[in-house]
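A short write-up of the structure that comes next.
Here is how names work: the chains are called A, B, and so on, in the same order as the sequence lines, proteins then strands, and each is numbered from 1.
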Amino acid sequence: RKEVEQDPGPFNVPEGATVAFNCTYSNSASQSFFWYRQDCRKEPKLLMSVYSSGNEDGRFTAQLNRASQYISLLIRDSKLSDSATYLCVVIIYNQGGKLIFGQGTELSVKP
Amino acid sequence: DVKVTQSSRYLVKRTGEKVFLECVQDMDHENMFWYRQDPGLGLRLIYFSYDVKMKEKGDIPEGYSVSREKKERFSLILESASTNQTSMYLCASSLRGTTGNIQYFGAGTRLSVL
């Protein structure tokens, strides 16, 4: 079983739609959580951290459920420019703080 | 503005060649990382370094070695390139610390081994 799992998609949605991605992790010692965004043929870049209480940044909302060991990313009013691959990232405390990446979920927003 | 620079965007090499991938960061970061990214597999950690002259194996170190002689530079070496090492290679850096690290990535090197 992979340490971090995501639905690879692709998710094809119209502009203005709300879309949600889930990510599950298997190691209960996981300590920190992030969503990274990767545009086609570009490097990953941090989108947002995920806090225990949940957090929002504009149209983006991230949530963490430690009991069920999953994190989510909600995108409201999606834009064409949101088209990218979204990577779920987990830092595991007892592995020296390594980042563990999910394989990514591809989002394509259509006009 | 933070910057991680990888020496080549695209590289084509032949089987058996020795290949050097260079990465330089200008943020005075202690930690540096080498990943490869393949479709369906995501990013996989090859090697990382927490300080000059230090190196640690990641999840898939076989067939690779690294060198960190200066803080700002982290080199990935393929001693004898093979076709299964055709991939996108990404370098990243971050500040020291075991939790909450944000990694900054270079633009990547797409390596083809023929």
_Derivation of the side chain to side chain contact (heavy atoms under 4.5 Å, CB included) call for A/Leu99 and B/Phe48_ = CA-CA 11 Å; A/Leu99 269 65; B/Phe48 58 104; over 6 Å; no
For [X], which atoms come within 4.5 Å of any heavy atom of chain A: side chain, backbone, both, or neither?
| X | result |
| --- | --- |
| B/Glu56 | neither |
| B/Arg44 | neither |
| B/Leu43 | both |

*asked:* Per the ring-ring contact (aromatic ring centres under 6.0 Å, His included) rule, what does the pair list look like for residues 49-76 of chain A, sequence neighbours excluded?
replied: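 Sorted pair list comes back empty.
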[X] [atom1]: over 12 foreign heavy atoms closer than 6.0 Å:
| X | atom1 | value |
| --- | --- | --- |
| B/Gln6 | CD | yes |
| B/Arg14 | CZ | no |
| A/Lys45 | NZ | no |

*Any chain of hydrophobic side-chain contacts (each under 4.5 Å) joining A/Tyr86 to A/Ile100?*
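In one cluster with A/Tyr86: A/Ile100, yes.
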*Linked, directly or transitively: A/Leu47 and A/Val13 (ILVMFWY side chains, under 4.5 Å)*: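 Looking at the clustering, A/Val13 is in the same group as A/Leu47.
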_Whether the side chain of B/Tyr104 engages the backbone of A/Leu46 through a donor-acceptor N/O pair (distance < 3.5 Å, no angle test) should be reported._
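Side chain of B/Tyr104 to backbone of A/Leu46: no pair is present.
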*Can you list the steps and then say if A/Gln103 with B/Leu41 is a side chain to side chain contact (heavy atoms under 4.5 Å, CB included)?*
CA-CA 6 Å; A/Gln103 66 181 67; B/Leu41 297 176; over 6 Å; no
*Let me know if A/Phe33 has heavy atoms under 4.5 Å from chain B in its side chain, its backbone, both or neither.*
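For A/Phe33, no heavy atom lies under 4.5 Å from chain B.
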*Under 4.5 Å heavy-atom distance to chain B, tell me which part of A/Pro44 shows up: side chain, backbone, both or neither.*
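Both the backbone and the side chain of A/Pro44 come within 4.5 Å of chain B.
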*Please list, chain by chain and in numerical order, all residues satisfying ring-ring contact (aromatic ring centres under 6.0 Å, His included) with B/Tyr35, sequence neighbours excluded.*
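Result, ring-ring contact (aromatic ring centres under 6.0 Å, His included) vs B/Tyr35: A/Phe101, B/Phe105.
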_Euclidean distance, B/Met88 CE relative to A/Glu43 CD, rounded to 0.5 Å_ =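 Nearest 0.5 Å value for the CD-CE distance: 9.0 Å.
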*Find out whether B/Gln37 and A/Gln38 are in side-chain contact, i.e. whether some heavy atom of one side chain is under 4.5 Å from a heavy atom of the other.*
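Side chain of B/Gln37 against side chain of A/Gln38, heavy atoms only: contact under 4.5 Å found.
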